[in-house]
Amino acid sequence: MKLNIRRKILAAAIATIAAASIALPLSAAAQSPIIIKYSHVVADQTPKGQAAQKFKELAEKALPGKVVVQVFPNSQLFGDGKEMEALALGDVQIIAPSLSKFGKYTPKLQIFDLPFLFNDIQAVDRFQASPSGQSLLNSMNKKGITGLGYLHNGMKVFSTTAPMNLPADAKGMKFRIQASDVLEAQFKAVGANPQKLAFAEVYQALQSGVVDGQENTWSNIYSKKFHEVQGFILDSNHGVIDYMVITNTKWWNGLPADIRKGLSQAMKESIAFGNQVAIKEAEAFKAKVIADNKAKVVEMTPASKAAWRKAMAPVVKKFEDEIGADLIKAAQNSNQ
Ligand code: LMR
């Protein structure tokens with residue numbers, strides 16, 4: 001009898017231990033936070049850099065212990081040309097490439113590269129908020145990519161080694177461009193020689209003379225010190241560099257509903273914060289470039305702007321079918 005009772009007690013103890021050993025790792029595993037890698041190619045002080053840090057702060061505050069956001073700036077984790085592949089493979093969860101870098105995924109977003117299409121960042125903002133602009137956030141769904149929102153950087157200016165005021169001055173110059181066919185056509189339209197290069201390679205290419213010039217925003221020019229290896233900046237505002245914050249659709253839809261809700265809210269607020277920074281700090285970055293007194297900054301006169309617009313107008317015509325005349329019209333209307 002006694003033996004029997006002891007055996008039962010022993011069996012019960014063993015069962016309890018077994019259950020605990022199964023439950024413990026499961027709950028521990030269930031409780032371990034979801035790691036979210038947010039990778040980008042620019043410096044922390046830029047609008048995108050600040051927005052990514054803000055997302056980390058807000059997401060971890062809203063979902064304490066449930067998510068950990070790791071931000072990788074300056075192409076530390078993945079650079080241009082690698083980040084989209086990494087997103088598809090699940091090696092990174094959030095990226096925010098320039099709208100110029102989606103040509104392989106949709107022809108529609110090329111609209112943002114058309115020269116002189118938008119008068120200023122406010123027009124870009126209005127177009128992005130419009131039904132047409134919002135519909136483009138889903139333009140890559142078929143490729144397993146979900147657009148979480150638009151993030152501003154700002155209007156672009158030209159920088160060159162030698163002075164450049166009019167389109168004719170660009171003839172024969174080598175320009176670094178983002179991976180965009182529209183930007184390639186834009187420079188060919190003025191007889192220049194465009195070269196697609198990753199952002200991380202721009203400073204070196206300018207310094208070594210592989211290229212004579214490039215186009216970018218004041219925050220990128222200042223934070224990456226392009227003005228230190230360029231003698232001349234034409235304040236053209238001839239186009240925009242903005243971003244789409246994207247995620248992998250499968251990963252995003254696979255998240256628990258409460259996590260996705262918390263992340264969506266954090267993303268919305270961090271984008272709003274980044275857009276404010278972009279609009280508020282654009283002039284401040286320009287002032288820092290001027291204060292450094294390395295590159296000569298020249299305003300584009302109305303006459304020279306008219307000459308550049310005229311020289312680059314065929315580019316809009318060239319891509320009208322691919323992008324869609326209706327979309328271009330909607331963008332032009334956002335200048336009102
Ligand atoms: C560039 O390649 O010049 C920019 O798109 C980089 C960035 O993300 O602002």
Side-chain angles (χ1 to χ4, degrees), residues 38-53 55 71-84 86-87 92 94-105 109-115 121 124 147-160 174-184 186-187 194-207 210-227 229-230 233 236-246 270-271 274-275 277-279 281-282 285-286 289:
Y38 190 152
S39 166
H40 64 81
V41 302
V42 293
D44 273 327
Q45 58 177 304
T46 61
K48 176 158 66 178
Q50 294 188 44
Q53 290 298 344
F55 173 72
V71 177
F72 300 91
N74 299 309
S75 305
Q76 278 171 11
L77 190 61
F78 297 106
D80 283 337
K82 293 274 180 305
E83 51 185 3
M84 293 296 284
L87 190 79
V92 69
I94 296 177
I95 58 176
S98 152
L99 293 162
S100 309
K101 298 173 181 171
F102 293 115
K104 274 193 246 157
Y105 301 85
L109 291 172
Q110 295 181 112
I111 191 165
F112 292 100
D113 278 344
L114 294 175
I121 199 70
V124 176
L148 298 173
Y150 291 109
L151 183 56
H152 291 322
N153 183 339
M155 302 307 283
K156 293 182 293 189
V157 298
F158 293 118
S159 76
T160 48
K174 292 172 287 184
F175 279 89
R176 177 267 174 172
I177 58 166
Q178 301 171 84
S180 157
D181 296 344
V182 174
L183 298 178
E184 191 169 51
Q186 169 191 278
F187 280 102
Q195 295 181 21
K196 294 176 180 173
L197 282 175
F199 185 63
E201 297 165 43
V202 176
Y203 183 89
Q204 190 57 37
L206 292 169
Q207 188 184 41
V210 167
V211 292
D212 307 307
Q214 60 93 46
E215 54 173 4
N216 226 301
T217 61
W218 291 109
S219 67
N220 280 347
I221 289 173
Y222 180 74
S223 60
K224 290 294 176 182
K225 302 189 181 319
F226 296 161
H227 60 299
V229 285
Q230 295 274 262
I233 296 178
S236 50
N237 296 321
H238 63 280
V240 64
I241 292 187
D242 259 17
Y243 312 113
M244 191 185 286
V245 185
I246 60 173
S270 64
I271 285 178
N275 287 347
V277 169
I279 291 173
E281 297 189 9
F285 279 111
K286 175 181 172 183
V289 168

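Residue indices begin at 1 and follow the sequence shown. On a predicted model such as this, the values are computed, not experimentally measured, just so you know. Order of appearance sets the numbers: ligands from 1, and atoms from 1 within every ligand.
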Looking at ligand 1, would R176 count as a contact under a 4.0 Å heavy-atom criterion? yes

May I ask you to identify the nearest protein heavy atom to atom 5 (O) of ligand 1, giving residue, atom name and distance to one decimal place in Å? Q178 OE1, 2.7 Å

Which atoms of ligand 1 sit under 4.0 Å from any heavy atom of S98? 5 (O)

Subset of ligand 1 atoms that lie under 4.0 Å from at least one heavy atom of K48: 7 (C), 8 (O)

Any side-chain heavy atom of F175 sitting closer than 4.5 Å to one from Q195? no

Can you tell me if H40 contacts ligand 1 (heavy atom of the residue under 4.0 Å from the ligand)? no

If I take atom OH from residue Y38 and atom CD from residue Q53, how far apart are they, to the nearest 0.5 angstrom? 10.0 Å

Would you give the length of the straight line joining atom NZ of K82 to atom OG of S39, rounded to the nearest 0.5 angstrom? 12.5 Å

Lys/Arg cation over aromatic F199: K224, 6.0 Å, 45° cone: no

Nearest non-hydrogen protein atom to atom 9 (O) of ligand 1, with distance, is Y243 OH, 2.5 Å

What distance do N275 atom CG and H152 atom NE2 have between them, rounded to the nearest 0.5 Å? 4.0 Å

Q230 side chain to D212 backbone, donor-acceptor under 3.5 Å: yes

So the atoms of ligand 1 within less than 4.0 Å of a heavy atom of K101 turn out to be 1 (C), 2 (O), 4 (C), 5 (O), 6 (C)

Ligand 1 contact on V202 by region, counting heavy-atom pairs under 4.0 Å: neither

What part of T217, side chain, backbone, both or neither, has a heavy atom within less than 4.0 angstrom of ligand 1? neither

Within the 6.0 Å centroid threshold, strictly below: F102 and F112: no

